Amino acid sequence: MFGLTIEKLVLVAICAAVIIGPHRLPEHAQRFSAAVRRLTLAAAEARTRTIDDAGVAFVRADWQALDPRQYDPRRIIRDALREADAPPPVAEGDAGIVAVGEPDTTPLTPRAGRWVVEGSSAHPRRIWVPDEEVVAAASS
């Protein structure tokens, strides 16, 4: 606060004790504490009046929605990878190929398989590899 450290505050207190003197120091300390107490109460009252008059609580809620700390890149990437881990749905029978203009009425079922990560660590690629049973059934 204003570049004041504990060492500087002790030095100011010692200087005040020397300048004011030991006889008047308790009286001045009492006045200082009363002034700080009044200032604190006035600041709290001004804050509550501002919130009541201007609706700062409503504005504060808007600011919390825009808080950049909620956009943690690690969390965003983790959520995106969780969504990508779910295999995309595929139509049975025709491997999902639909002619243009033809409505797709086949029920969608998830494919059996797993994700494989290949490439370098700087540029990994995730590839969906279907299970062997599914590949054998589709080829026959």
Side-chain angles (χ1 to χ4, degrees):
M1 180 174 123
F2 305 115
L4 292 177
T5 60
I6 193 71
E7 294 87 12
K8 291 179 185 177
L9 290 175
V10 169
L11 185 63
V12 168
I14 291 173
C15 290
V18 170
I19 292 173
I20 294 174
H23 299 294
R24 292 184 293 167
L25 188 61
E27 177 186 339
H28 287 286
Q30 201 172 30
R31 285 184 190 169
F32 180 72
S33 67
V36 168
R37 195 174 307 117
R38 281 192 308 266
L39 183 65
T40 304
L41 289 174
E45 182 182 340
R47 183 181 323 126
T48 56
R49 266 190 287 145
T50 304
I51 288 172
D52 291 343
D53 293 345
V56 174
F58 181 70
V59 173
R60 184 173 293 152
D62 290 343
W63 280 107
Q64 287 174 350
L66 300 174
D67 187 14
R69 290 175 288 188
Q70 70 179 342
Y71 299 111
D72 181 21
R74 294 171 293 193
R75 183 185 55 80
I76 293 170
I77 290 172
R78 189 178 327 116
D79 293 345
L81 288 176
R82 255 189 232 132
E83 290 172 5
D85 279 341
V90 133
E92 284 184 24
D94 59 355
I97 300 172
V98 178
V100 177
E102 178 184 326
D104 186 15
T105 58
T106 58
L108 298 178
T109 57
R111 295 185 293 176
R114 59 189 167 88
W115 287 101
V116 176
V117 179
E118 67 176 32
S120 67
S121 61
H123 302 286
R125 281 185 304 191
R126 298 179 68 224
I127 299 173
W128 179 257
V129 177
D131 285 344
E132 288 77 24
E133 300 92 30
V134 175
V135 173
S139 64
S140 57

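Predicted model only: the values in this text are computed from it and were never measured.
- The 12-atom threshold is exceeded at CD of Glu27, counting heavy atoms of other residues, nucleotides or ligands nearer than 6.0 Å.
- The local environment of CZ in Arg74 is sparse, with at most 12 non-hydrogen atoms from other residues, nucleotides or ligands closer than 6.0 Å.
- Alongside Leu41, the hydrophobic cluster contains no other residue (criterion: ILVMFWY side chains under 4.5 Å).
- For Thr40, the side chain to side chain contact (heavy atoms under 4.5 Å, CB included) criterion is met by Val36, not counting sequence neighbours.
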Please table the atom pairs, donor to acceptor, closer than 3.5 Å between any side-chain atom in residues 13-26 and protein atoms at least two apart or in another chain.
{"residue": "Arg24", "atom": "NE", "partner": "Ile20", "partner atom": "O", "Å": "3.4"}
{"residue": "Arg24", "atom": "NH2", "partner": "Ile20", "partner atom": "O", "Å": "3.1"}

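- Here the OG1 atom belonging to Thr48 is positioned 9.0 Å from the CG atom belonging to Asp53, to the nearest 0.5 angstrom.
- With rounding to the nearest 0.5 angstrom, the CZ atom of Arg78 is 8.0 Å from the CZ atom of Arg75.
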